[in-house]
Number of protein chains: 2
Amino acid sequence: MTAGERRADVLRAAVAEFAKTGYQGTSTEDVARVAGISQPYLFKMWPTKKALFISLVEHGFERVRQAFVEATGEATGDEALDRMGEAYGELLRDRDELLLQMQSYAACDDPEIGAVTRREFGRLWRQVARLSGLDDERLQQFFAMGMLMNVVASMDATNHPSQWVKACVPPAWLAPPTWDG
Amino acid sequence: MTAGERRADVLRAAVAEFAKTGYQGTSTEDVARVAGISQPYLFKMWPTKKALFISLVEHGFERVRQAFVEATGEATGDEALDRMGEAYGELLRDRDELLLQMQSYAACDDPEIGAVTRREFGRLWRQVARLSGLDDERLQQFFAMGMLMNVVASMDATNHPSQWVKACVPPAWLAPPTWDG
DNA sequence: CAAGGTAGTGAGTCATCACTCACCATGTGC
DNA sequence: GCACATGGTGAGTGATGACTCACTACCTTG
């Protein structure tokens, strides 16, 4: 297998592990085992655990930006924002991406991780601003709802239903287009 | 010093440490050193590191609920929600409380921590519902804004100003009543 | 002052973890 | 058929971390 393919495999495995247990709580041995390679080889691909984590964070934000571009299409304004919101809801189905985002916020005390996370968040903000053309107040509401979705995903609320979950989580988050529920 | 006083001291020290580096990233030695006690004594007060973390989480959510009751006073409806939002903004000044909340969301993969976090989040939701008497949609917007504030606090955005921070963070978050700026 | 409870610690133990070193196997160009 | 890059690992190492054990100093009560 080529190094490029391996790298992609490892990234997929790593995002799942780091999403669950966070930067500090995930061991490089775990990642290597799930990826099906030896742990020393992990360190041939990334010089440190932190470098691996950071490339996951960058990759994750990049995917969100890309999903927003694709979802928006030719739309602008509130229409564009609605479509991006829907696209974000679909990312919820693959919880790992959003969980990893939460883990990167939680790890911001580390200066390098903090710097990358702020930079990526800023890029996402500017892109949504550019795509929608809306004012700061609307953007703020949009991002606020996104952060609530992240938290709900972190708590795995939809798999632990209770009274408040029904109130907090609108059906739209639970029923992306492909469902029939 | 009595055990009760020590316990309060240790909780204060522990919240600062866990807020920074999270459940997995914080060592009991760190907590003990900052609290000014030996590490074995920590284990006489709480049986495990997890038990300490969980009591911090419960304590933190409790404080938010209490702050909301006090802030609301006799108000109801949107007026009540406004006052609670203002109270939450004041909690931002002591970042540690909000960061610890983020750390508890991030640690939800652990079944016990997850259960406690969901329970506390639910209690908070119900309390805001009761105090304000508003419908789910308004509550959702309120909590969404709160989660955005948590994330902004995690990224320490106000101490790393850049273009998007000015747009994302309304002056009200930065200028609680006691400021003069 | 004896007896016992309360507050507190020094010095471990055993597991885990990030990271390294020396090494092997399989092509591929010459 | 050999030099050499590419892809890959077994077996460490030194540090750290959660948790324990055996112990002391001090206070209170009779």
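The structure displayed is predicted, hence computed values, not measured ones. Residue numbering restarts at 1 for every chain, and letters A, B, ... go by the order of the sequence lines.
Going from atom OH of Tyr41(B) over to atom C1' of dG8(C) covers 6 Å, rounded to whole Å. Protein atom CD1 of Ile37(A) is 18 Å distant from nucleotide atom P of dT6(D), rounded to whole Å. dG10(D) atom P lies 15 Å from atom CG of Leu42(A), rounded to whole Å. Between the CE atom of Met1(B) and the C1' atom of dC27(D) there is a distance of 16 Å, rounded to whole Å.
Lys49(A) places a side-chain N or O within 3.5 Å of a backbone atom of Tyr23(A) that can act as its donor or acceptor partner. Remark: side-chain polar atoms of Gln140(A) are not paired, donor with acceptor, to backbone N or O of Val169(B) under 3.5 angstrom. Judged purely by atom type and a 3.5 angstrom limit, Asp135(B) uses its side chain to pair as donor or acceptor with the backbone of Arg138(B). Distance alone, capped at 3.5 Å, is enough to place a donor-acceptor pair between the Arg118(B) side chain and the Met155(A) backbone.
The hydrophobic cluster containing Val34(B) does not contain Leu11(B), counting ILVMFWY residues as joined when their side-chain heavy atoms lie under 4.5 angstrom apart, directly or transitively.
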Would you sort out whether Glu17(B) and Thr26(B) count as a side chain to side chain donor-acceptor pair (under 3.5 Å), showing the intermediate values?
-> CA-CA 7 Å; Glu17(B) 293 306 296; Thr26(B) 306; over 6 Å; no
Determine, stepwise, if the pair Gln141(B) / Leu81(B) fulfils side-chain contact (heavy atoms from CB on, under 4.5 Å).
-> CA-CA 10 Å; Gln141(B) 285 164 7; Leu81(B) 220 52; over 6 Å; no
What does nucleotides 15-23 of chain C look like as a protein-contact string, B for base, S for sugar-phosphate only, - for none, at under 4.0 angstrom between heavy atoms?
-> --SBBBBB-
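In the region residues 107-116 of chain B, proximity to DNA chain D at under 4.0 angstrom, judged on heavy atoms, holds for none of the residues.
A salt bridge does not link Glu62(A) with Arg123(A): none of the charged nitrogens is closer than 4.0 Å to a carboxylate oxygen.
Between Arg6(B) and dG8(C) there is a side-chain N or O to OP1 or OP2 distance below 4.0 Å.
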